[in-house]
Amino acid sequence: MNEDVLRARWERVQARLREEFGEGAYKSWLNRMSLNEVRDGRLRIAVPTRFLKDWVVTHYGERIRALWSREDPQVSGIEVLVRPSLAKAAPPPPKPAEEPEGNQVENFGAPLDPKHKFDNFVVGKPNEFAYAAARRVAEQDAVSFNPLFLHGGVGLGKTHLMHAVAWHIRERAPTRSVIYLSAEKFMYRFVKALRFQDTMSFKDQFRSVDVLMVDDVQFIAGKDATQEEFFHTFNALVDEGRQIVISADKSPAELQGIEERLRSRLGCGLVADIHATTYELRLGIIDAKIEQMGIEVPRKVAEFIAHKITGNVRDLESALHRVIAHTQLVGRDITLESIPEVLHDQIRASDKRVTIEEIQKKVAEHFNVRVADMHSARRARQVARPRQVAMYLAKLLTQRSLPEIGRKFGGRDHTTVMHAVKKIEELRAIDSSFAEDVELLRRMIEN
Ligand code: ADP
Ligand code: MG
């Protein structure tokens, strides 16, 4: 391959990265990479330190690969090599990426994270519905449900999905204008416009978009003036057939401090819930991240992390990063033995999160039975059912084994617990109001 062609490509990719990630990120990280070679469908770039390598791989690797495949479709992979001889000055401390300069509409919104695309969103039972709904919105110009309302606990992928929708539309239909921003930012812009008596251009900017995405709307709870403005913007856009996508940590019905008319507007499109992670999803996400980073992690270690870090995906990512950083720093392979030590804080936090006693207490309160009934031998339906729900939640939310759970419920056998879990799963599948009840309890216990 001709050197000049390669160099020109590399320059174009670098210029693009600079544009997308901003001057700060460019100076700190991106211009410290150098092109090594392109061979066998792989782009190899070199950086002076291992730390820089990790940083580049996790934050920019996928984007660099994508940009390069656009230049040369033969290239499908990227490798980052460490070449200490490239070191110039001491590396500057990590700086947050600056907002990329874009056109006005983009500036009005918030920057999109290039890692948050559909391609790197792992789909599993807890998020498949939200994912499907988001894809539908991203792939169609016609509005099918308005708004799309995504909700779920913190760190479960709402922002990721919203960015993915925005990226997808930008790539598929670049003429459509998309604004993505947080509700906080919306409020901030609005207050600023009020102060500068510039509400007209504020309104115009929002009302001229094709797709408006507002993240974390729970932030405008109790902020009456912002809600009012949001409500009008919302209605104006819906009336003109523009698409709106909203996220929040709760469903419209559960959102507190939101005016009734706005609440009912929010809930009148499609409401899609992202549920707590399951073991399978966590393992899937770990596998995907490992593959993206191009590193080797023993199966047992991946399983251990998926088993122990039961919180949200953000916790999971940080645990994984910690394991990788640690083993690279001490220069050892990742082994199962070293993990508990590296992750002991996270594991403790995650184990501590829910106890069986807490579950029993909350479930008893919820169904208005006595905590003692959780241990008692009474079989009347009105106490047996709550007890089964508590056993089910104990299995779902703690790391306790079936026999351990049985013991905590008045010394019952593990088969009783197994039966309870099955029973509740069956009921959830056939009775949606019961399913909601259990879901609500789970949320209450987890938070
Ligand atoms: P939320 O907005 O719901 O608080 P985020 O979208 O910020 O959560 O997700 C937290 C982190 O977890 C992000 O880095 C995101 O990329 C990652 N993440 C969440 N869900 C998934 C998933 N299904 N597949 C891959 N990464 C995920
Ligand atoms: Mg978010």
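Fair warning: this is a prediction, and the values are worked out from it, not measured in the lab. Read the numbers this way: they start at 1 and go in the same order the structure lists the ligands and their atoms.
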Ion pair check, Glu280 and Lys125, cut-off under 4.0 Å | no
Close-contact set for ligand 1 against Lys289 heavy atoms, below 4.0 Å | 26 (N)
Provide the number and element of each atom of ligand 1 under 4.0 Å from a heavy atom of His116.
-> 13 (C), 14 (O), 15 (C), 16 (O)
Decide whether an N or O pair under 3.5 Å exists between Gly155 and ligand 1.
-> yes
Under the 6.0 Å and 45° cation-pi test, does Arg261 pair with Phe231?
-> yes
May I ask you to say whether Asp141 pairs ionically with Arg172, meaning some side-chain N is under 4.0 Å from a carboxylate O?
-> yes
Between the Mg ion (ligand 2) and Thr159, is there an N, O or S atom separated by less than 2.8 Å?
-> yes
Between the main-chain N or O of His275 and the side-chain N or O of Glu439, is there a donor-acceptor pair closer than 3.5 Å?
-> no
Testing His163, His168, His160 for ring pair (Phe, Tyr, Trp, His ring centres under 6.0 Å) with Phe121, which one passes?
-> His160
What residue and heavy atom of the protein are closest to atom 25 (C) of ligand 1, and at what distance?
-> Asn120 O, 3.3 Å
Could you check which of Arg314, His160, Lys117 puts a non-hydrogen atom nearest to atom 7 (O) of ligand 1?
-> Arg314
Charged N-O contact under 4.0 Å between Lys115 and Asp113 | yes
Specify the protein heavy atom at minimum distance from atom 2 (O) of ligand 1: its residue, its atom name, and the distance to 0.1 Å.
-> Thr159 OG1, 2.7 Å
Short N/O distance, under 3.5 Å, between Val154 and ligand 1?
-> no
Given that the side chain starts at C-beta and the backbone is N, CA, C, O, which of these parts of Asn127 lies under 4.0 Å from ligand 1, counting heavy atoms, or is it both or neither?
-> side chain
Salt bridge present between Lys117 and Glu171 (N-O < 4.0 angstrom) = yes
Nearest protein heavy-atom contact for atom 8 (O) of ligand 1: which residue, which atom, what distance?
-> Gly157 N, 3.1 Å
Is Lys422 salt-bridged to Glu426, going by a charged N under 4.0 Å from an acidic O?
-> no
List the closest protein heavy-atom neighbour of atom 12 (O) of ligand 1: residue, atom name, distance to the nearest 0.1 Å.
-> Val313 CG1, 3.1 Å
Among protein heavy atoms, which sits nearest to atom 21 (C) of ligand 1, and what does the distance come to when rounded to 0.1 Å?
-> Phe121 CE1, 3.8 Å
Under 4.0 Å, heavy atoms only, figure out whether ligand 1 is touched by the backbone of Ile285, its side chain, both or neither.
-> side chain
Closest non-hydrogen protein atom to atom 14 (O) of ligand 1, residue and atom name please, with distance?
-> Glu317 OE1, 2.8 Å
Examine Val122 against ligand 1 and note whether any of their N/O atoms are separated by less than 3.5 Å.
-> yes
Using a heavy-atom cut-off of under 4.0 Å, does the side chain or the backbone of Lys115 touch ligand 1, or both, or neither?
-> neither
For Arg207, does the CZ atom have more than 12 heavy-atom neighbours from other residues, nucleotides or ligands under 6.0 Å away?
-> yes
Mark yes or no: Arg135 above the aromatic ring of Phe118, with NZ or CZ under 6.0 Å from the six-membered ring centre and no more than 45 degrees from the axis.
-> yes
